[in-house]
*Asks:* 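Sending over a structure as structure tokens; questions will come in a sec.
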There are 2 protein chains.
Amino acid sequence: MSDIISKVTIADIARALKITPATVSRALNNHPGIKEETKLRVKETALRLNYQPNKIASSLRLGKSNIIGVIIPSAEISFFGSVVHGIEKVANENNYNVLIYQTNELFEYEKKGVQTFLQSQVDAVLASISKETINLDHYQELKRRGIPLILFDRANDQLGVSSVVVDDYAGAFEATKHLISQGCRRIAHIGGQQHVSIFNQRLKGYIDALNVHNIPLNDDLIVYGKVSIDSGRECMKQLLALRQPPDAVFAVEDFTALGAIQAIKQAGKVIPDDIAIIGFANEAFGEFLTPSLSTVNQQTVKMGEEAAKMFFEGQRKGGTWLTQPKKMVLEPALICRESSSKR
Amino acid sequence: MSDIISKVTIADIARALKITPATVSRALNNHPGIKEETKLRVKETALRLNYQPNKIASSLRLGKSNIIGVIIPSAEISFFGSVVHGIEKVANENNYNVLIYQTNELFEYEKKGVQTFLQSQVDAVLASISKETINLDHYQELKRRGIPLILFDRANDQLGVSSVVVDDYAGAFEATKHLISQGCRRIAHIGGQQHVSIFNQRLKGYIDALNVHNIPLNDDLIVYGKVSIDSGRECMKQLLALRQPPDAVFAVEDFTALGAIQAIKQAGKVIPDDIAIIGFANEAFGEFLTPSLSTVNQQTVKMGEEAAKMFFEGQRKGGTWLTQPKKMVLEPALICRESSSKR
DNA sequence: GTGAAAGCGCTAACAC
DNA sequence: GTGTTAGCGCTTTCAC
């Protein structure tokens, strides 16, 4: 019954048509200088025999795999899922596949990811650096081998590679400004690890927005956490314990904001009346919360698309490492929902 | 400056040590019958030259790619993200990589996914069938080629392949029973497309739970939607428009439940007091809603792990298509949160 | 316009 | 315990 079909190769097609494998290969690849008629006959036979090209063989021969390796901290964070979606879209349009490696925010896994991709002979690596990572040598290895590296979101300028990021500073500035416009004056910030540049930028945006609006900076109102629900909750508790608690919070991202919301509710305070809050990232859950969470949208799909496009364009120009690194900065967009809208 | 290193191959190591490539290959693969000393020298040199094995070449030679192809409807649904996580875990332990293909619930993409995987020479395909798919011929093609196929969650018995599913019937039964235990008597069900077996099973579980508890079935209280937030909202509106609206709703999954919640709130009714509600799938957002959403947990990570394990076990026994298909049924677990807990 | 032949990097039979 | 040789399936120079 279920006979397992032996694989059909280019040679089988050649035999069936009494021509050579070389001609079949050329015909299938629409090589100019192959008679139209031959092309047709080859393609017809390929279809009839149910031929599927062996990409592995082709990759070996051509020295390129048509695979993009993507390194992300976690697929559970919808932000990254969304970026990957954008990457996949552009990749598929260019006949590329995408391999994903999750680092779980761990440096060791990140190193292993690069290694895996090296062995898999990916044609490029698109990566978002893990929060834990400080040493960047493993990425240098890609450079030594001439494999394009493009960073997105969690970028790093020292590597001298192209990147697509969102203007975190501007996003933070707008978010803070928005809280000010709602009448808040004691605006707290729950920040993240300051060696991660995006988190540092958001802090700066917050500070400058206060300055511009002549609101004195208050050290008590800035706390640093580890960027997670739990950490957000703990940081908020600290803020609530102040003799004079804040009337608004700008959280470094949405999960942190979520934790903060839980702490605020637990303390019996009302959002946004007692304390207004805004996050960053536009995670999927934000719009479903009660009150719904104000946040900053980062154009995730576009970020992925642009990162992938950078690779394909660099490829056309002969190698990303040879051309000047480009930095693309996407404009963030404020999303005002209930959690920050005072009447 | 940035010299691009030419690739180091097995031959380079051989040359450096004045031995043959064959020996190097064997040494690197820990072949028994290679002197320990040789192995050491080879590995040392490999490290020194910064050698990275070329998996593509190895794959071509061995006729296996060490890649598992995974077909899912969407990575945005955290349910699938979570299953993939489980698959990746087991895959990595077995030195395998995972390629993901998203179908966006579209039949055409599903076909294209299988095709892509065929060309990429994946060693196995793990898939969850899209809602739109009825024709299953593209999966037969995998069979013809002897490529193991294992289904998860959205399975189909006609294909005669192994699968890992959750006991949807039992989950639905428990969910409904729980609503009954809370004192609800007019329990509605917002169902999904009935040709998708998991949705059909959930309907059955709902019906039987009512029967067992002597609650008469009421056709008005069963509406069918397309399993999305919007559809959930619309279906709920229908139910609210009844002369006698329900006092509880069992939604076919969490996004549907979310839409229903929005409609209930909009109508000015209180959850769970006026209408209790429970979903299915334990999506990430459920615990953050207000009120938090009761639901049924499906052991997603385990589902992925088990599906992957099935492949590796079948591999040891010489081909999944030759052995009897196995069906693994995971037990769902009720998660009671606020949306269904009457005082 | 098509054929012949070599080779991408690796591994496995078969030698000895 | 290691070398020799051939070949996985494809593409591409060099012929003619």
Side-chain angles (χ1 to χ4, degrees), chain A residues 5-43 45-46 49-67 95 118-123 145-147, chain B residues 5-43 45-46 49-67 95 118-123 145-147:
Chain A
I5 256 59
S6 62
K7 269 181 202 155
V8 179
T9 73
I10 240 174
D12 297 319
I13 300 179
R15 218 170 299 121
L17 293 173
K18 299 198 192 312
I19 53 179
T20 59
T23 309
V24 174
S25 171
R26 286 188 272 239
L28 289 173
N29 292 310
N30 275 320
H31 198 93
I34 289 284
K35 243 192 307 185
E36 269 312 313
E37 192 217 324
T38 315
K39 286 188 188 170
L40 275 174
R41 285 172 56 219
V42 167
K43 287 179 185 173
T45 318
L49 298 182
N50 213 332
Y51 167 77
Q52 293 285 353
N54 183 333
K55 270 202 186 171
I56 300 231
S58 156
S59 293
L60 179 60
R61 178 61 233 251
L62 295 174
K64 69 194 281 274
S65 60
N66 275 44
I67 292 180
N95 221 340
L118 240 34
Q119 302 188 357
S120 301
Q121 314 286 119
V122 300
D123 294 343
R145 290 168 189 272
I147 299 172
Chain B
I5 256 61
S6 62
K7 269 182 201 154
V8 179
T9 73
I10 237 174
D12 297 320
I13 301 179
R15 217 170 300 119
L17 293 173
K18 299 197 194 309
I19 53 179
T20 60
T23 308
V24 174
S25 169
R26 287 188 274 240
L28 290 171
N29 292 307
N30 274 321
H31 199 93
I34 291 283
K35 241 192 308 185
E36 268 313 312
E37 192 218 323
T38 316
K39 286 188 188 171
L40 275 173
R41 285 174 54 220
V42 166
K43 287 179 185 172
T45 318
L49 298 182
N50 214 331
Y51 166 77
Q52 292 285 355
N54 183 331
K55 269 203 190 174
I56 300 229
S58 158
S59 293
L60 180 60
R61 177 64 234 245
L62 295 174
K64 67 194 280 275
S65 60
N66 275 41
I67 293 179
N95 221 339
L118 240 32
Q119 302 188 357
S120 301
Q121 314 288 117
V122 300
D123 293 344
R145 291 169 187 272
I147 299 171

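In this text the structure is predicted, and so the values were computed from the model without any measurement. Below, chain A is the first sequence line, B the second, and so on; all start at residue 1.
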*Asks:* Closest-nucleotide mapping onto DNA chain D: is A:Ile10 or B:Pro21 further toward the 5' terminus? I mean the 5' end.
*Replies:*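 Its nucleotide being nearer the 5' end, the pick is B:Pro21.
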
*Asks:* Atom NZ of B:Lys64 and atom CD1 of A:Ile56: how far apart are they, to the nearest 0.5 Å?
*Replies:*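 Between atom NZ of B:Lys64 and atom CD1 of A:Ile56 there are 11.0 Å.
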
*Asks:* Which is more 5' along DNA chain C, the nucleotide nearest A:Ala57 or the one nearest B:Ser25? Just name the residue.
*Replies:*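 Nearest-nucleotide comparison on DNA chain C picks A:Ala57.
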
*Asks:* B:Gly63 near the nucleic acid: base, sugar-phosphate alone, or nothing, with a heavy-atom cut-off under 4.0 Å?
*Replies:*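 The residue B:Gly63 makes no contact with any strand.
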
*Asks:* Nearest to the side chain of B:Arg61, heavy atoms from C-beta on, is which of D:dC10, C:dA12, C:dC8?
*Replies:*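 It is C:dA12.
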
*Asks:* Rounded to the nearest 0.5 Å, what separates atom CG in B:Leu17 from atom OG1 in B:Thr45?
*Replies:*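 Atom-to-atom, B:Leu17:CG and B:Thr45:OG1 are 3.5 Å apart.
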
*Asks:* Assign B:Ile19 to base, sugar-phosphate, or nothing according to its heavy-atom contacts below 4.0 angstrom with the strands shown.
*Replies:*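 Sugar-phosphate: the residue B:Ile19, judged by heavy atoms under 4.0 Å, touches backbone atoms but no base.
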
*Asks:* Looking at A:His31, is its backbone amide N or carbonyl O close enough to the side chain of A:Lys39 to form a donor-acceptor pair, meaning the two atoms are under 3.5 Å apart?
*Replies:*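 Yes; judged by distance alone, with no hydrogens or angles, the pair exists.
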
*Asks:* Over all heavy atoms of both residues, which pair between A:Val8 and A:Leu49 is shortest? Give the atoms and the distance, please.
*Replies:*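 The pair with the smallest heavy-atom distance is CG2-O, 3.4 Å.
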
*Asks:* Under 4.0 Å between any heavy atoms, over every strand shown, what does B:Thr20 touch: base, sugar-phosphate, or nothing? Just pick one.
*Replies:*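 Since a base atom lies under 4.0 Å of B:Thr20, the category is base.
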
*Asks:* Please tabulate the protein-to-nucleotide N/O contacts below 3.5 Å involving nucleotides 13-16 of chain C, giving atom names and distances.
*Replies:*
| residue | atom | partner | partner atom | Å |
| --- | --- | --- | --- | --- |
| C:dA13 | N6 | B:Arg26 | NH1 | 3.2 |

*Asks:* Just to be sure I understand the rule, does B:Thr38 reach a base, reach only the sugar-phosphate, or reach nothing, if contact means heavy atoms closer than 4.0 Å?
*Replies:*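 Sugar-phosphate contact only.
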
